[in-house]
Amino acid sequence: MRIVIILLLAACALAGLQTWRIGGLHDEADQAQRIIGTLSAGIESRDNAIHRLNDEAVTRERQEQNLRTQLARAGEQARVREYTIQRLLNENQEMRDWYSARLPDGIGRMHQRPAFASAADYLRWLSGGDELPDTGKHTGH
């Protein structure tokens, strides 16, 4: 009978030990689930960032292609204008003389601009109400 009681107590102790180990394993499983959830959220966030960056790259590529197309059109227009100017100059001596003539000094001074170190300097110059330079010609009023 003592052996049965000892065996019964040993069985109860083993059952308690197993219950305790199962509880510990359950806690570890819960912790593993939390880690998996965190990692899954991180992966999902990374995937979303990759998709967003890919979309931005495609958009940027389209914009670059549009700019290249516009640049090609502008270049073609400039070539057509240059061709037209050259054709007109070749056709007309008066036009050639006018085109090669130096601008009058007053007109040249009107095209002069001070050097600006920044946009703020330019805005100060604009708002300063600077008058156009004197052309040297005075009207007799």
Side-chain angles (χ1 to χ4, degrees), residues 1-139 141:
M1 186 76 160
R2 274 188 183 186
I3 295 181
V4 172
I5 292 176
I6 291 176
L7 287 176
L8 190 56
L9 285 175
C12 285
L14 283 175
L17 181 62
Q18 290 296 20
T19 301
W20 178 74
R21 285 185 65 203
I22 289 173
L25 291 175
H26 182 67
D27 291 344
E28 287 179 20
D30 287 345
Q31 185 178 2
Q33 280 300 112
R34 284 191 298 273
I35 291 171
I36 289 171
T38 301
L39 292 174
S40 294
I43 290 170
E44 183 178 351
S45 175
R46 184 210 59 200
D47 289 347
N48 289 339
I50 289 171
H51 291 302
R52 182 178 43 80
L53 290 172
N54 283 338
D55 291 345
E56 288 173 4
V58 167
T59 299
R60 194 175 317 108
E61 196 173 304
R62 284 188 197 127
Q63 290 171 339
E64 287 173 6
Q65 182 59 43
N66 287 339
L67 288 173
R68 280 189 220 104
T69 301
Q70 291 173 359
L71 181 61
R73 283 186 197 142
E76 181 59 29
Q77 288 174 347
R79 280 188 291 280
V80 167
R81 264 190 230 112
E82 183 63 28
Y83 174 77
T84 302
I85 289 170
Q86 289 304 316
R87 184 178 48 79
L88 290 172
L89 290 175
N90 290 336
E91 289 175 357
N92 186 329
Q93 179 63 40
E94 186 178 331
M95 183 72 80
R96 275 194 303 273
D97 293 341
W98 174 82
Y99 184 78
S100 62
R102 187 172 175 271
L103 287 175
D105 289 338
I107 301 295
R109 283 193 305 268
M110 285 175 55
H111 287 280
Q112 291 176 346
R113 297 284 187 263
F116 301 112
S118 69
D121 291 343
Y122 176 69
L123 290 174
R124 271 193 297 281
W125 178 78
L126 279 179
S127 65
D130 291 334
E131 295 181 16
L132 292 174
D134 184 11
T135 62
K137 294 183 181 178
H138 298 283
T139 56
H141 289 297

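Just so it is clear, the values below take in all heavy atoms, side chains as well, and ignore hydrogens, waters and symmetry mates.
Taking CG of L14 as the start and OG1 of T19 as the end, the distance is 10.5 Å to the nearest 0.5 Å. Interatomic distance, I35 CD1 to E28 CD, rounded to the nearest 0.5 Å: 10.5 Å. Separating the CZ atom in R46 from the NE2 atom in H51 is a distance of 9.0 Å, to the nearest 0.5 Å. In this structure, the separation between CZ on R60 and CD on E56 is 6.5 Å, given to the nearest 0.5 Å. Distance check: T84 OG1 to Q86 CD gives 10.0 Å after rounding to the nearest 0.5 Å. With rounding to the nearest 0.5 angstrom, the CD1 atom of I50 is 10.0 Å from the OG atom of S45.
Judged by distance alone, the side chain of T38 and the main-chain N or O of R34 form a donor-acceptor pair under 3.5 Å.
Contact detail for R96 and N90: the closest heavy-atom pair is NH1-O, 3.0 Å.
For the 3.5 Å distance criterion, the side chains of D27 and Q31 fail to qualify, holding no donor opposite an acceptor. Looking at Q65 and E61, their side chains never bring a donor and an acceptor atom within 3.5 Å of each other.
Electrostatic pairing of E76 and R79 counts as a salt bridge here, judged by a charged N lying under 4.0 Å from a carboxylate O. A salt bridge links E64 with R68: the distance from a Lys NZ or Arg NE/NH1/NH2 to an Asp or Glu carboxylate oxygen falls below 4.0 Å.
Looking at Y99 and L88, their side chains never come closer than 4.5 Å, going by heavy atoms from C-beta outward. Residues N54 and V58 are not in side-chain contact: their nearest non-hydrogen atoms beyond the backbone lie 4.5 Å or more apart.
No more than 12 heavy atoms of other residues, nucleotides or ligands sit less than 6.0 Å from atom CD1 of I3. Counting non-hydrogen atoms of neighbouring residues, nucleotides and ligands closer than 6.0 angstrom, the CZ atom of R62 reaches no more than 12 such neighbours.
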